[in-house]
Each structure stands twice: as structure tokens, then as C-alpha cells.
Undergrad: 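Quick one: the structure is below, and I'll ask about it shortly.
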Amino acid sequence: MLDADTAPGEFALIAGFFSNLDQGPSVALGNGDDAALLRLSADETVAVSVDSMVEGVHFPVDSPGHLVAYRAVAAAVSDLAAMGAHPLGMTLALSLPAVDQYWLRDCREGLREASADCGLPLVGGDLVRGELSLTVQVIGAMPAALALRRSGAQVGDLVYVSGSLGDAAAGLALVQGRISSSNAAAVDVLKARFWRPQPALSLGVSLRGTATSAIDVSDGLLADLAHIASASQVQITIDSQRIPLSDALREVASPDQALDWALAGGDDYRLCFTVADTAAALPAECVMIGRVEAGSGVVCDALSSRQGFTHF
Ligand code: ADP
Ligand code: MG
């Protein structure tokens, strides 16, 4: 059993200090979801979200600039995908310890690639001296009634994920040298899944009007589903056998480790969403992994037998 209310102190801090400053006539949805929604007109809403990546916390010290930049942008954009927004643009606040032109050129290349892949022009930002960090603010839009929120899951809905899980956690373990493998192709795939997340923007847009709730998997499947369960006041029951695991992940990890990473690893930036069980067919990459039931929290058959998850 997993409950967002007992989850990390981060959320208690946000609730305690930052949660009631979001009132205003233009606020359609304040904090607590993947992005806030600001009303432009009766028909149109702007989605805004910001995410920071700090050296030594979100990426290893001395990582290449293009990889750091790509990941920072893609991870931030994923919150637009989770809301069903189409992208408009982004800004970047960059904190640098010193001016290293080689690193900055490399960083620029990653920004250029991610900007092109995600369809968000970099329209502004800030540059300061400090520890290396990148803060990316993303802006998108959608028709007012069609935003995908965390709060709409209904008892009887089916739970879907938009692709394999656990790859990014394995990729990070490979990047950090905590695991190794002689299968170079699998290693490349998994490292790329960590460094170059592919936000599911088109899927998010296509789920407008179909998904009853959605979130992107940034903190780990169980933790992120707990946010949907809590916001929607339902229980989500997951069948661990249905969770999609990539061939590359199976190559480098034991079945137990692979499932651990898939359930709790984070950083995959897949979309996890709920739909009515009468919904029309979904794109082929979407896999049904569970159901929405009456109750609260997240239930998964693999949880009771796994010590590693008790801290949730
Ligand atoms: P995500 O993983 O989707 O990026 P987070 O877990 O970072 O979302 O944040 C959860 C929610 O809390 C979001 O709606 C976010 O906007 C909000 N939030 C986080 N930090 C703050 C803050 N300092 N002030 C106001 N809202 C915040
Ligand atoms: Mg999110």
C-alpha cells in the first residue's frame, strides 16, 4: 500500500509553505498537478511548469553539456505531455560556476536538439554564477476543457503506461558504474533512456477527451500513481506481471532488479493514465497495467514481498 500523504518530505514542504499562494481570477488549476493552468479565454488555457536539475543531484558531476541540457529540457517538457498540452516555448535559467566555452558550446547543442525534438523554442532565460544547475520553464496550451489532470480517475477505469519502465534507472546505474554489462547495444539503449527522455507530447494531445487522468512517470511508477490515487480519491491496483520491461533492461538486470527499477526507479518520463474501459483503442505503445478501484493508495502484488518499497 502506498499513499502520497506518507511520501517524501518534499510534498509536505510544498503543502506547508507554497500551496495557498495560487489563488487568482486567471488560475484554472494551481499547484499540485504536472503543470499549472492559466485561463486565457473561455476556450483556451496555458500550461506552465518549471523543473531544476542540479549537478551532483540530478546528473553526475562532470557530465557532458549536451546530455545535461537535453535531459533538463526533455524532463521539463514531459510535464506538458502529462497535461495534454501542445508546446509553445521555454525559458532556461542557467547557473554556472565558471565560463567554460567548450562546455557551453556542448550545452547549446543539447538545447538545440531538445528544442527541435520537442518543438519548444528557447525564448528567454537567465544566466548567473553559482553551482551548475539548469532550470527549465515550459509553456504550453490546450483547449480549456481538455487538460489532463491527476484528479479525474474513476472507479472502473483502466490504468495504462506508455512504454517500458525501469530503463532510465538502469541507465543511471550504468552511467554511475554501479552495474556493468558486456552487451554494448543494451548499455547504449539504457544510457540513452536516462540522458534523452522522449516526452510523450503527441500521445498527451491524443489523449485529450479520452484519458480521465494522467501523470508523467518522473519519481517512479508507484509514487506517481499515488498522486493520481490521492488527487482522484480512488485506489489504483497494479498487476506487476503486466508492467512492460524492455529487452535491454532484461539484459543487464535480474528479474527482481528490473521490476524494482520499473516500480520505483523514476526518470522514465512515460505517461501513466487512466481511461474508461469502454474507451477506443489506444496507440500500440500503451500497455494496460491495472485498474482503478474504490479506496485509497496504490496496491501492487509485488509490494508485500519487497522490502525495498517499505520506505514509501
Ligand atoms: P513534477 O514531478 O510533475 O514536476 P513536482 O513533484 O516537482 O511535480 O511538484 C509537485 C507539485 O508541487 C507541482 O504542481 C509543482 O508545481 C508544485 N510545487 C513544487 N514546488 C513548489 C514551490 N516551491 N512552490 C509552489 N508550488 C510548487
Ligand atoms: Mg510530472
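We count ligands from 1, going down the list as the structure has it; atoms in each ligand are counted the same way.
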Undergrad: Checking side-chain polar atoms at under 3.5 Å, does Gln137 have a donor or acceptor matched by the opposite partner on Thr135?
TA: no
Undergrad: Verify whether one side chain among Ser232 and Ser213 offers a donor that lies under 3.5 Å from an acceptor in the other.
TA: no
Undergrad: Within 45 degrees of the axis of the six-membered ring of Phe59 and under 6.0 Å from its centre: does Arg71 put its NZ or CZ there?
TA: no
Undergrad: Does anything in residues 98-133 pair up under ring-ring contact (aromatic ring centres under 6.0 Å, His included), and if so which pairs, sequence neighbours excluded?
TA: none
Undergrad: Would you kindly say whether Arg208 and His86 are connected by a side-chain donor-acceptor distance under 3.5 Å?
TA: yes
Undergrad: Please tabulate protein-ligand N/O pairs under 3.5 Å for ligand 1, atom names and distances to 0.1 Å.
TA:
unit_1: ligand 1; atom_1: 2 (O); unit_2: Ser218; atom_2: OG; d: 3.3
unit_1: ligand 1; atom_1: 3 (O); unit_2: Asp34; atom_2: OD1; d: 2.9
unit_1: ligand 1; atom_1: 3 (O); unit_2: Asp79; atom_2: OD1; d: 2.9
unit_1: ligand 1; atom_1: 3 (O); unit_2: Arg150; atom_2: NH2; d: 3.2
unit_1: ligand 1; atom_1: 4 (O); unit_2: Asp51; atom_2: OD1; d: 3.3
unit_1: ligand 1; atom_1: 4 (O); unit_2: Asp79; atom_2: OD2; d: 3.0
unit_1: ligand 1; atom_1: 14 (O); unit_2: Gly32; atom_2: N; d: 2.7
unit_1: ligand 1; atom_1: 14 (O); unit_2: Asp33; atom_2: N; d: 3.1
unit_1: ligand 1; atom_1: 14 (O); unit_2: Asp33; atom_2: O; d: 2.6
unit_1: ligand 1; atom_1: 26 (N); unit_2: Asn31; atom_2: ND2; d: 3.3

Undergrad: Can you tell me if an N/O/S atom from Asp224 lies under 2.8 Å from the Mg ion (ligand 2)?
TA: no
Undergrad: Any chance you could lay out the side chain to side chain contact (heavy atoms under 4.5 Å, CB included) test for Gln154 and Thr274, step after step, and finish with the verdict?
TA: CA-CA 8 Å; Gln154 302 289 321; Thr274 56; over 6 Å; no
Undergrad: Check each of Asp216, Leu165, Leu221 against Asp268 using the side-chain contact (heavy atoms from CB on, under 4.5 Å) test, and report the only one that passes.
TA: Leu165
Undergrad: Taking just the N, O or S atoms of Asp79, which one is nearest to the Mg ion (ligand 2)?
TA: OD1
Undergrad: Could you identify the N, O or S atom of Asp216 positioned closest to the Mg ion (ligand 2)?
TA: OD1
Undergrad: For the Mg ion (ligand 2), give me the closest N/O/S atom belonging to Asp34, just the atom name.
TA: OD1
Undergrad: Check whether the side chains of Ser246 and Ser164 place a donor and an acceptor atom closer than 3.5 Å, and report yes or no.
TA: no
